[in-house]
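Let me begin by presenting the structure, written as structure tokens, before commenting on it.
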Amino acid sequence: MTAKELPKIYDPKKVEDKIYKIWEESGFFNPDNLDLPENSPSYSIVLPPPNVTGTLHMGHAAMMVYQDILIRYKRMSGFRTLWIPGTDHAAIATQTKVEKILKEKGASRHSLGREKFLAEVNKFAQDSHDTIKNQTKKMGSSCDWSREAFTLDEIRNKAVNSVFKLMHEDELIYRGERVINWCPRCHSTLADDEVEHKNRETQLFTFRYWKDFPIPISTTRPETKLGDTAVAVNPKDERYKEFIGQEFLGNFCGIDLKIKIIADRNVEMDFGTGALGVTPAHSMIDWKMAKDNDLNIIKVIDEDGKIKEGFGEFAGLTAFEARKLVVEKIKQNSLLEKEENIQNAISVCYRCGTSIEPLPSLQWFIDVNKKTEKLNNKSIKETCLEAVEKGVFDREKINIIPQRFEKNYFQWMNNLEDWCISRQIWYGHRIPVWYKGEEISLEDKSNDASWERDSDTLDTWFSSGMWTFSTLAQSLDEIKIENGKLVIDSNDFKSFHPTSVLETGYDILFFWVARMIIMTTYAINDIPFQDVYLHGLVLDENGKKMSKSLGNVLDPLDMIEKFGTDAVRLSLFIGSTPGNDTRINEEKIENYRNFVNKLWNISRFVTSKIGDGATEAKIEEKNLTFADKWIIDKIKNLITEVTLDLEKYNFSLAGEKLQEFTKNDFADWYLEVAKFETNTAEKNIILGKILEDILKLWHPFIPFITEEIWSNLSKEKLLLIENWPALENWNEITAKDYDSKDNVFEKTQTIITAIRNLRAENKIEPTKKLKTIIYAGDDFEKIKNEEILIKNLRTGVSELIIEKSGEKPAEALYAIASGVEIYLINEIDKDAERKRISAELENLKKYTANLNQRLSNKEFTKKAPAQIVAQEKERLAKAQSDILEMEKYLEKL
RNA sequence: GGACGAUUAGCUCAGUUGGUUAGAGCACUUCUCUUACAAAGAAGGGGUCACUGGUUCGAGUCCAGUAUCGUCCACCA
């Protein structure tokens with residue numbers, strides 16, 4: 001196809017779906033179909049599975065871009081490259097969402113029953129999954145759909161059940177009673193990090209349990225005081241020292257209490273009265289104090305957030321109602337000493353925002369401190385710390401990028417407590433434990449009616465923690481337990497585990513990344529991934545988190561519709577650095593759309609110029625012009641830099657360098673030169689080769705347009721599987737010595753000499769750097785008359801000399817490219833000129849003073865690298881001669 | 001209370017082991033319909049690199065402290 005047939009404006013809508021279909025049908029997203037030598041290295045990424053709760057947002061889009069860049073780059077570099085897509089059932093999130101929908105229809109999960117409700121959820125999840133899959137494709141993600149996985153499908157379920165069983169056998173999983181975070185709305189436990197803290201104003205009440213009780217206490221939750229069994233004070237507190245160890249009996253609001261005075265370092269003397277009423281059943285730290293001091297544990301509030309039976313008139317009231325009543329009673333009995341408003345951080349459910357209620361409850365836990373043979377007699381915690389610190393199981397340490405997050409990881413892991421893995425919701429992996437009276441079975445008793453299965457499900461992170469290896473099994477029988485160990489018996493597992501890199505947002509470092517390290521090191525005695533690349537969050541233009549309630553959400557699909565996927569991709573990774581948040585707005589995307597279009601037009605121009613078959617000829621080095629050699633040097637440099645940047649995860653830098661080359665070096669300079677220079681066979685080859693190379697280099701970043709242009713070049717192979725550009729391709733051309741030997745350069749020397757002569761005659765001003773000089777030759781008269789026009793030709797020309805001698809205007813460009821200073825002949829406004837020159841002279845003098853000072857410093861000449869010293873000397877000499885010239889010029893003025 | 005980050009042009013941000021007189025995009029000013037591209041091109045203005053010290057021949061870059069903003073963790077009875 002020739003350039004004329006191609007539209008001036010690139011239309012992504014006509015191209016993207018078509019191209020994605022071609023890729024998919026080619027089968028090359030699947031590494032099995034890549035034509036590679038036996039021993040090719042593998043490269044693998046698992047897609048952090050998006051929740052099946054709806055649609056993708058910009059954060060997802062960003063994540064897919066980074067991963068697709070890596071995957072496409074590695075695929076082109078000859079790796080056996082696998083990117084596994086999937087979705088996460090996101091237990092609580094999904095169930096909450098469906099319950100909300102049901103509520104609008106006047107139903108609830110309880111009215112439907114477990115089976116029907118799960119059918120509803122599954123239907124919702126399926127719809128959501130389809131949307132997500134479609135959106136992922138729209139982003140251009142080159143993942144292998146034949147290996148798609150779901151955290152709740154049959155295969156993953158088998159992996160989950162197997163690991164649960166193994167952990168139970170190793171006594172790493174236990175069932176126990178502990179105060180857990182209970183969400184009365186979701187009716188489920190929450191892990192510690194699923195609880196959010198929000199500052200709210202609450203009332204703090206100070207009172208005594210009864211009249212002659214010696215110590216007043218302060219609390220924001222008077223209703224829980226019905227279950228108090230102790231009062232804790234700081235052991236250093238002089239006020240209460242005498243009471244420590246004593247026990248008091250009395251009646252509080254109609255309830256008999258036995259209160260022991262205990263000492264605990266965690267009690268702050270300055271807060272309230274410095275004495276804390278200990279309610280072991282409804283507070284985490286109180287629970288710990290109770291364990292330490294062997295206190296009774298009295299449960300006051302039930303799972304519905306209501307006061308339990310046995311608390312007189314309070315029974316059946318909600319916690320809030322009970323609080324009002326208790327306060328009323330305290331006032332009636334004139335026990336209240338103080339009532340004040342304080343800012344208090346309360347715990348709320350990260351899903352629904354309901355205040356969480358700490359409750360003692362029978363739950364399943366993973367013991368993170370118990371040493372186990374499977375981990376070489378280390379605990380889960382120790383192994384996970386080592387994995388990132390120095391490496392485990394003969395693997396190098398896991399690298400977290402940016403590295404500063406390693407510190408966060410250690411801090412979190414060091415403080416890790418036993419992980420509560422059971423959830424009282426229905427949607428999820430049901431706990432594989434059966435009960436019959438006191439008996440417990442880990443064997444499947446589904447067919448035996450005398451056994452009853454645990455009604456709870458597993459924390460969603462239990463299954464997503466196994467994501468890197470559970471996705472590498474493609475059938476149930478590839479998951480086995482052999483000699484008490486989990487084995488994934490598949491070729492995929494052998495080739496692709498551990499995965500090369502985990503790319504995700506820093507916000508789920510603890511939720512997910514840490515959980516993956518926990519589950520993988522235990523289950524298969526290996527690390528899940530070698531590198532972790534953490535990207536920042538995508539924020540709106542004001543630096544706020546995008547959220548539906550704020551109405552500041554940019555929908556990736558809308559943006560794709562408007563500007564094309566490639567533009568959206570560019571806007572997401574250029575200008576953002578690892579671990580740092582990035583802002584995005586429509587204008588930014590529009591800007592990159594313009595760049596994408598530029599690339600389109602570059603290719604139109606090049607293809608029209610080189611025509612067909614031109615690239616077959618051989619390059620004769622002696623025929624190369626200065627510009628040719630210059631651009632070859634640039635592209636070689638570019639290939640090296642971009643490759644290095646990609647290896648170092650410097651996506652943004654790579655993108656910027658590519659943009660710089662494409663726009664400034666290639667389009668604005670070389671193509672402009674090419675317009676003037678004769679069309680040699682060499683020039684056509686170079687134009688063609690450079691176009692090909694930049695298409696390849698750009699492909700991982702903007703796959704659609706590059707593939708489309710590639711197809712217009714009538715290539716046999718898809719760009720998708722082309723070889724990454726290598727320097728060797730350019731080795732036949734050595735461009736290094738172009739500035740001294742080349743005959744074109746000699747010509748420019750002549751020009752310079754001529755200019756120097758003119759300068760000596762004071763016909764030109766000596767300071768202003770000119771952008772070009774045009775030797776018009778026979779066209780002199782014509783061009784002279786059209787000076788304005790020429791100035792604005794896209795040649796970088798703003799000021800110019802027009803001389804009759806010389807041959808081709810293009811020589812001017814050689815001069816510029818070789819860094820020659822060229823000067824302007826002009827009628828000069830002497831006053832203005834004097835002013836300007838004086839100012840410049842002053843600047844230059846400052847500069848030389850600066851240099852002089854540095855050079856006269858003995859320490860500098862002694863200690864600075866010789867190279868730097870020489871460089872500075874050179875600069876000084878040049879500056880000095882410039883000053884002399886300028887002074888002379890000023891005099892003459 | 002603990003940890004981490006940010007502070008560079010009007011705005012959004014780069015600046016990789018310390019080394020020219022600190023960069024880009026957008027915005028702004030001026031010019032140009034020009035045979036790849038007006039979704040374009042050319043030229044130009046604009047910065048005490050938050051502040052204070054220190055290390056160094058040399059600091060936007062390294063160290064210490066201060067201020068402001070932000071994020072996370074823990075606690076808040």
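Convention: sequence-line order gives letters A, B, ...; per-chain numbering from 1. None of these values were measured; they are calculated from a predicted model.
Taking atom P on both B:A22 and B:G47, the two are 12 Å apart, rounded to the nearest angstrom. When the C1' atom is used for both B:A40 and B:U48, the distance is 38 Å, rounded to whole Å. Comparing B:C37 with B:G44, their P atoms are spaced 25 Å from each other, to the whole Å. Taking atom C1' on both B:A3 and B:A74, the two are 11 Å apart, rounded to the nearest angstrom. Straight-line distance between the P atoms of B:U16 and B:G2: roughly 31 Å, to the nearest whole Å. Nucleotides B:U32 and B:U68 have their C1' atoms positioned 46 Å apart, rounded to a whole Å. Spacing between B:A9 and B:U71 at atom C1', rounded to whole Å, works out to 27 Å. Separation of the C1' atoms belonging to B:A77 and B:G65 is 36 Å when rounded to the nearest angstrom.
In the set B:C37, B:A77, B:G19, the nucleotide with an atom closest to the side chain of A:L276 is B:A77. Among the nucleotides B:A39, B:A3, B:A36, the one closest to any side-chain atom of A:N601 is B:A36. Minimum atom distance to the side chain of A:Q411 is reached by B:G2, of the listed B:G19, B:C37, B:G2. For A:I285, whose side chain is taken as the heavy atoms from C-beta onward, the closest listed nucleotide among B:A40, B:C75, B:A3 is B:C75. In the set B:C57, B:C37, B:C4, the nucleotide with an atom closest to the side chain of A:R404 is B:C4. In this structure, the nucleotide among B:G19, B:A36, B:A77 sitting nearest to the side chain of A:A864 is B:G19. For A:E587, the side-chain atoms get nearest to B:C26 when compared with the rest of B:C26, B:G19, B:A39.
Taking the six-membered ring for Trp and the full ring otherwise, A:Y506 and A:F405 have centroids separated by under 6.0 Å. Here the two rings, on A:Y533 and A:Y649, have centers that are under 6.0 Å apart. Residues A:W698 and A:F595 place their aromatic rings such that the two centres sit under 6.0 Å apart.
Residue contacts for A:K663: at a heavy-atom cut-off of 4.0 Å it reaches the sugar-phosphate backbone alone, with no base atom in range. Within 4.0 Å (heavy atoms only), A:V278 reaches no atom of the nucleic acid at all. Contacts of A:A275 with the nucleic acid, taken as non-hydrogen atoms under 4.0 Å apart, are absent.
The residue among A:N664 and A:N408 whose nearest nucleotide of RNA chain B lies closer to the 5′ end is A:N408. Between A:L851 and A:E859, the one whose closest nucleotide on RNA chain B sits nearer the 5' end is A:L851.
In this structure, the CD atom of A:Q659 is 8 Å from the C1' atom of B:G25, given to the nearest Å. Distance, A:I574 CD1 to B:A24 C1': 11 Å, rounded to whole Å. Atom OH in A:Y409 sits roughly 25 Å away from atom P in B:G2 (whole-Å rounding). When rounded to the nearest whole Å, the span between CZ of A:F405 and P of B:C4 equals 12 Å. Here B:A59 presents its P atom at 14 Å from NZ of A:K863, a figure rounded to the nearest Å. In this structure, A:L539 atom CG and B:C69 atom C1' are separated by 14 Å, rounded to whole Å. Rounded to whole angstrom, the span from the CG atom of A:N414 across to the C1' atom of B:G2 amounts to 14 Å. Atom CD of A:Q403 is separated from atom P of B:C4 by 13 Å (rounded to the nearest Å).
Residues A:D228 and A:I259 are in side-chain contact: their nearest non-hydrogen atoms beyond the backbone lie under 4.5 Å apart. Put simply, the side chain of A:N597 reaches to within 4.5 Å of the side chain of A:I9, judged on heavy atoms. You'll find the side chain of A:Y240 stays beyond 4.5 Å of the side chain of A:N234, heavy atoms only. Counting only heavy atoms from C-beta outward, the side chains of A:R515 and A:F510 never approach each other to under 4.5 Å.
The side chain of A:K8 places an N or O atom within less than 4.0 Å of a non-bridging phosphate oxygen (OP1 or OP2) of B:C37. For the pair A:N591 and B:A39, the criterion of a side-chain N or O lying under 4.0 Å from OP1 or OP2 is not met. For B:U21, the OP1/OP2 oxygens have a side-chain nitrogen or oxygen of A:R854 closer than 4.0 Å. Residue A:K862 places none of its side-chain N or O atoms closer than 4.0 Å to OP1 or OP2 of B:C57.
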Under the rule of Watson-Crick or G-U wobble with both distances under 3.5 Å, where | means paired to another strand and [ ] a crossing pair, RNA chain B maps to (((((((..((((.....[...)))).(((((.......))))).....(((((..]....))))))))))))....

Should A:E417 and A:K381 be marked as a salt bridge (Lys or Arg N to Asp or Glu O under 4.0 Å) after you check the CA-CA gap, both sets of side-chain angles, and the distance that decides it?
CA-CA 9 Å; A:E417 305 224 357; A:K381 191 193 274 188; over 6 Å; no

Set out, in order, the CA-CA distance, both residues' side-chain angles and the distance that settles side-chain contact (heavy atoms from CB on, under 4.5 Å) for A:T861 and A:N857, then state yes or no.
CA-CA 7 Å; A:T861 40; A:N857 188 328; over 6 Å; no

Before giving the answer on salt bridge (Lys or Arg N to Asp or Glu O under 4.0 Å), spell out for A:E590 and A:K562 the whole-Å C-alpha distance, their side-chain angles and the decisive distance to 0.1 Å.
CA-CA 9 Å; A:E590 187 179 355; A:K562 228 165 160 178; over 6 Å; no

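Checked for salt-bridge contact, A:E660 and A:K657 miss the test: no charged N lies under 4.0 Å from a carboxylate O.
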Using a 4.0 Å heavy-atom cut-off, write out nucleotides 9-18 of chain B from 5' to 3' as B (base contacted by protein), S (sugar-phosphate only) or - (no contact).
---SSS-B--

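Under 3.5 Å, the side chains of A:S652 and A:E656 contain a donor-acceptor pair of N or O atoms.
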